[in-house]
Amino acid sequence: LLTLMFLVLLFSCEEEKKAGYVDEAPVVACKVMIDGEELIELNPALLKDTVKFPLSYFTDDLEIIKLDNREEALVNAYRVLASENYFLTMSSNNIPCKLFDRQGRYICDIGAIGQGPGEYQYLYSGQIDEVNNRIYLSQYSGESLLTYDLEGNPLNPVPLPQRTFKPIFQANAETILIMSLPHPTVPSPIWVQNLKGDILYEIPSANIDFEFDFSTEIFSYQNLKGQIDLSFWTWKPRTDTLFHLDLQGKRLIPRFTADFRGEALQPHFYAEWPGYYLGSTSTIVTVSRQNEEGEMEMYKEGKEPSYYIVDKNSLKGAYYHIYNDFLGGERANPFPFINGYMIECVDPGNLEERIEKALESGQLTEKNRTWLTEVLENM
């Protein structure tokens, strides 16, 4: 396993910086009132133009952080969680979660692989709550949240009043919002509870139109202050919606959907930024199946996606790309932001190649050229 490096981007899409990119695009959506709430409905057939966003549109700075290269700090991270002063890596290949500070210094392992107290095998989500000296982890299914302090010591798990399936959550000092897949055996898949496990608010399964399938994924990008977004992805093509949570009203409020109109329907994603809704026309996933020799192999299935953006106010929209102008214009993740951060784990050798290519591109500002040259010299 190689030491990894992080590209970290703090999402700062300010209102005054958003003008210009879809102003010349056509109107591609309409507003529909459902139960007194406004739903924006996209007609994908109206998407014609393509706009290109530089990463500098969202932030004034890109940070590259070299992780501690001690043997106990090595990771193979598929996901990284960030807070103001810490990173938490979630890795595969029986590597436990590892906590780093924002300078890349390894602090400790968080939990361990196994089935004993404070141990886990298949993690689905997590959160660093540094204000309250807590780290929370959830497994793919269970009835508690694993809890640790920032020194890696296991604490008493937080009991959940109902079993969860692929839960994501948002915790603070006194309460935890739980969002999991609706399941026939679960009365309320979405609720707010205290740390003792008492439900304070809930959205019953009966109020959610959803057919359970464990291959479905649940998403909440949480890029808006004071508002929780929620959407589901399933391999089975279907019409779906991006929702906002109304916990006191015990309901999900539909906010954005795309009408693919018949045969064009493909599995797809939704996301949300301040001022915009985002989506994909399809998705590609990696699946495993047996070959003719009876061995398990990995295959990619699905249609190559196109990504689109819709302005919430003007209803204008277009296909879009994001390019990393900090690194010479390479293509970036179209849905980069989760909880206000874009984080990418990069092998040092791969990052070195990307920097060298950027320096040869002729597309860098003098400031970025000087910065990347210094990074390369110190790798």
Side-chain angles (χ1 to χ4, degrees), residues 1 4 6 67-68 70-83 86-101 106-173 175-181 183 185-186 189-191 193-197 212-220 222 233 286 288 296 338-339 341 343 345:
L1 295 177
L4 298 178
F6 292 80
L67 294 185
D68 198 323
R70 287 177 289 169
E71 184 175 353
E72 61 268 29
L74 299 182
V75 299
N76 185 24
Y78 62 87
R79 185 177 180 188
V80 181
L81 307 176
S83 65
Y86 297 97
F87 295 114
L88 182 72
T89 62
M90 301 172 70
S91 298
S92 55
N93 297 338
N94 290 323
I95 299 174
C97 296
K98 295 179 183 291
L99 187 66
F100 298 83
D101 66 19
Y106 168 73
I107 298 174
C108 61
D109 285 3
I110 302 297
I113 307 300
Q115 300 183 27
E119 297 179 339
Y120 43 80
Q121 290 185 307
Y122 304 106
L123 293 176
Y124 193 72
S125 61
Q127 180 185 333
I128 306 170
D129 179 10
E130 67 174 86
V131 174
N132 299 292
N133 191 35
R134 295 288 185 272
I135 291 174
Y136 299 98
L137 300 174
S138 70
Q139 301 189 80
Y140 269 68
S141 180
E143 297 178 353
S144 66
L145 294 183
L146 299 173
T147 309
Y148 310 84
D149 63 23
L150 296 180
E151 288 73 47
N153 301 307
L155 306 174
N156 291 330
V158 175
L160 304 178
Q162 302 173 109
R163 189 167 188 82
T164 57
F165 298 87
K166 296 188 174 181
I168 54 181
F169 58 90
Q170 188 179 80
N172 57 40
T175 62
I176 300 177
L177 166 64
I178 303 290
M179 297 172 281
S180 68
L181 294 181
H183 188 274
T185 65
V186 177
I190 301 171
W191 71 89
Q193 65 169 75
N194 60 26
L195 301 185
K196 296 179 181 179
F212 178 81
D213 184 334
F214 202 73
S215 65
T216 298
E217 304 294 339
I218 182 170
F219 293 96
S220 180
Q222 300 182 28
W233 177 91
T286 301
S288 61
M296 297 301 295
I338 299 177
N339 197 27
Y341 288 96
I343 306 174
C345 303

Contacts of [X] that satisfy salt bridge (charged side-chain N to carboxylate O under 4.0 Å, His left out) - sequence neighbours left out:
{"X": "E119", "answer": "none"}
{"X": "D149", "answer": "none"}
{"X": "E143", "answer": "R163"}

Which distance, rounded to the nearest 0.5 Å, do you find between the CG of L150 and the CG of N133?
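Between L150 CG and N133 CG, I get 4.5 Å after rounding to 0.5 Å.
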Using 0.5 Å steps for rounding, measure from the OH atom of Y136 to the OG1 atom of T147.
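Y136 atom OH to T147 atom OG1 measures 5.5 Å (nearest 0.5 Å).
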Side chains of [X] and [Y] in contact at under 4.5 Å (non-hydrogen atoms):
{"X": "Y86", "Y": "I107", "value": "yes"}
{"X": "E72", "Y": "D109", "value": "no"}
{"X": "Q170", "Y": "N339", "value": "no"}
{"X": "I95", "Y": "T89", "value": "no"}
{"X": "L181", "Y": "F212", "value": "yes"}
{"X": "L88", "Y": "L137", "value": "yes"}
{"X": "V75", "Y": "F100", "value": "yes"}
{"X": "C97", "Y": "Y120", "value": "yes"}

Are N76 and S91 linked by a side-chain donor-acceptor pair shorter than 3.5 Å?
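No pair is found: no donor N or O on one side chain lies under 3.5 Å from an acceptor on the other.
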Please work out whether the ring planes of H183 and F165 are parallel, tilted or perpendicular, with thresholds of 30° and 60°.
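If you compare the ring of H183 with that of F165, the planes turn out parallel.
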Working for side-chain contact (heavy atoms from CB on, under 4.5 Å), residues R79 and Y124
CA-CA 10 Å; R79 185 177 180 188; Y124 193 72; over 6 Å; no
Holding to side-chain hydrogen bond (donor to acceptor under 3.5 Å, both in side chains), I want the full list of residues that pass it with [X], two or more places apart in sequence or in another chain.
{"X": "S215", "result": "D213"}
{"X": "S138", "result": "S125"}
{"X": "Q162", "result": "none"}

